[in-house]
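Input: a single structure, listed below in structure tokens.
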Amino acid sequence: MTGRVAWIVGGGTGIGAETAKGLVARGWTVAVSGRRSAPLAALHRSHGAHPFPLDVADREAVSATVEGIIAELGRIDLMIFSVARKETVSPGTYDYDAYARIIDTNLLGAMRVIDPVVAQMRRQGGGEIVLVASVAGYFGLPRSAAYSSGKAAMIALAETMRTELAPDGISVRVVCPGFVKTDFTARNNFPMPFLIEADDAGRRIVSGLLDSKRFEIAFPRRFVLILKAIRMLPYPLFFRIMRKLAGVRKS
Ligand SMILES: NC(=O)c1ccc[n+]([C@@H]2O[C@H](COP(=O)([O-])OP(=O)(O)OC[C@H]3O[C@@H](n4cnc5c(N)ncnc54)[C@H](OP(=O)(O)O)[C@@H]3O)[C@@H](O)[C@H]2O)c1
């Protein structure tokens with residue numbers, strides 16, 4: 001046993017749950033959070049994960065949960081934020097309320113968690129914070145403006161925090177998955193190139209976190225390389241590719 005404690009927010013299902021299982025297998029004590037109790041209880045029964053139901057929209061509940069984990073498990077060595085709100089926004093519409101709901105969960109939800117976790121990690125003399133962003137944050141993807149811009153902001157946030165928190169012994173990393181088979185992608189009605197299974201994603205994350213010190217854990221490799229190459233193209237060429245992806249003609 002390593003005696004180390006991880007807290008996975010969004011750990012009840014999908015990528016978070018598979019990462020939780022992998023960490024348990026490597027001897028970690030794992031706390032998992034999400035709004036629904038049932039998936040957390042299932043993970044408790046199958047893998048001994050400690051359930052802490054939580055809605056990241058509720059700032060007071062986030063602080064109470066951090067206190068609860070410290071009371072029960074003693075510390076938080078690793079916090080992984082693997083939360084996402086699934087909401088379809090029609091391309092070309094910029095409805096404020098829909099954007100606010102998505103950004104409030106995906107980005108501000110992370111901020112509500114990061115604030116008390118950084119304070120706790122400073123008190124205990126260090127730790128690790130991992131934000132699950134997405135390759136969708138590499139550039140403004142057509143058809144997913146709210147999701148893509150929130151993930152781009154999350155990558156920027158992780159980059160800033162990595163530099164700023166180093167003196168406190170707090171390591172910050174980012175995970176950028178491509179398409180992964182989970183509830184989140186189950187109803188996508190468009191092609192998902194390089195789609196991988198959730199347990200495969202979990203294995204890659206656990207290995208990236210425990211067996212390397214890389215800032216970015218991104219996969220699958222070929223998809224990541226293609227997208228990073230597109231990001232570096234001059235804008236006229238970049239937008240030609242984006243229009244093709246979106247099936248949009250230039251007026
Ligand atoms: N699947 C992909 O292709 C893919 C690709 C790139 C990045 N990602 C990222 O990977 C992460 C995990 O997604 P996933 O694919 O594993 O989908 P998922 O199974 O739907 O996981 C998302 C988790 O977020 C939790 N959640 C949602 N709103 C919440 C809230 N307000 N408070 C607390 N928890 C909340 C959900 O639990 P409750 O509903 O019980 O709250 C759920 O367990 C997300 O950040 C997503 O953006 C996924």
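Just follow the structure's listing: the first ligand is 1, and inside any ligand the first atom is 1. As a basis for the values below, the full set of heavy atoms in this structure was taken, side chains included, without hydrogen atoms, waters or symmetry mates.
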Counting only heavy atoms not in [X], do more than 12 fall under 6.0 Å of its [atom1]?
X: Arg243; atom1: CZ; answer: yes
X: Lys228; atom1: NZ; answer: yes
X: Arg222; atom1: CZ; answer: no

Of the side chain and backbone of [X], name the one, both, or neither that has a heavy atom under 4.0 Å from an atom of ligand 1.
X: Thr182; value: side chain
X: Ser33; value: neither
X: Lys181; value: neither
X: Thr185; value: side chain

Counting each atom of ligand 1 from 1 as listed, which ones have a heavy atom of [X] under 4.0 Å away?
X: Phe179; answer: 3 (O)
X: Val180; answer: 1 (N), 2 (C), 3 (O)
X: Gly14; answer: 16 (O), 19 (O)
X: Pro177; answer: 5 (C), 6 (C), 7 (C)
X: Val132; answer: 9 (C), 10 (O), 11 (C), 45 (O)

Between the side chains of [Y] and [X], is the shortest nitrogen-to-carboxylate-oxygen separation below 4.0 Å, so that they form an ion pair?
X: Asp211; Y: Arg26; value: yes
X: Arg214; Y: Glu216; value: no
X: Glu159; Y: Arg162; value: no
X: Arg59; Y: Asp115; value: yes
X: Arg122; Y: Asp168; value: yes

Specify the protein heavy atom at minimum distance from [atom]: its residue, its atom name, and the distance to 0.1 Å.
atom: atom 44 (C) of ligand 1; result: Ala84 CB, 3.4 Å
atom: atom 31 (N) of ligand 1; result: Asp55 OD1, 2.9 Å
atom: atom 39 (O) of ligand 1; result: Arg35 NH2, 3.0 Å
atom: atom 36 (C) of ligand 1; result: Arg36 NH2, 4.1 Å
atom: atom 32 (N) of ligand 1; result: Val56 N, 2.9 Å
atom: atom 33 (C) of ligand 1; result: Leu54 O, 3.2 Å
atom: atom 11 (C) of ligand 1; result: Ser82 OG, 3.4 Å
atom: atom 43 (O) of ligand 1; result: Thr13 OG1, 2.7 Å

| query | Evaluating non-hydrogen atoms only, which member of Ala198, Ala133, Pro53, Ser134 is closest to atom 9 (C) of ligand 1? | reply |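 When every heavy atom of Ala198, Ala133, Pro53, Ser134 is considered, Ala133 comes closest to atom 9 (C) of ligand 1.
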| query | Between the side chain of Ser207 and the main-chain N/O of Arg204, is any donor-acceptor distance below 3.5 Å? | reply |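 No, Ser207 side chain to Arg204 backbone: no donor-acceptor pair under 3.5 Å.
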Would [X] count as a contact of ligand 1 if the rule is a heavy atom under 4.0 Å away?
X: Ala17; result: no
X: Tyr147; result: yes
X: Gly178; result: yes
X: Lys151; result: yes

| said: Does any N or O of ligand 1 fall below 3.5 Å from an N or O anywhere on Asp183, backbone included? | reply: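 Such a contact does not occur with ligand 1.
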| Taking N or O atoms only and a 3.5 Å limit, does Val83 qualify as a polar contact for ligand 1? |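 Yes, since at least one N or O of Val83 sits under 3.5 Å from an N or O of ligand 1.
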| query | Step by step, would you call Val113 with Met79 a side-chain contact (heavy atoms from CB on, under 4.5 Å)? | reply | CA-CA 9 Å; Val113 172; Met79 187 285 287; 3.6 Å; yes
| Taking every non-hydrogen atom, the tightest pair across Ile69 and Ala31 |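 That would be CD1-CB, 4.2 Å.
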| request: Give a yes or no on whether the ring-centroid distance for Tyr147 and Tyr99 is below 6.0 angstrom. | output: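 Judged by ring-centre distance (under 6.0 Å), Tyr147 and Tyr99 do not meet the cut-off.
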| query | Would you call the rings of Tyr235 and Phe239 parallel, tilted or perpendicular if under 30° counts as parallel and over 60° as perpendicular? | reply |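 The rings of Tyr235 and Phe239 lie parallel, inter-plane angle below 30°.
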| request: Could you tell me how the ring of Phe139 sits relative to the ring of Phe238: parallel (under 30°), tilted (30 to 60°) or perpendicular (over 60°)? | output: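 Rings of Phe139 and Phe238: perpendicular, as their planes differ by over 60°.
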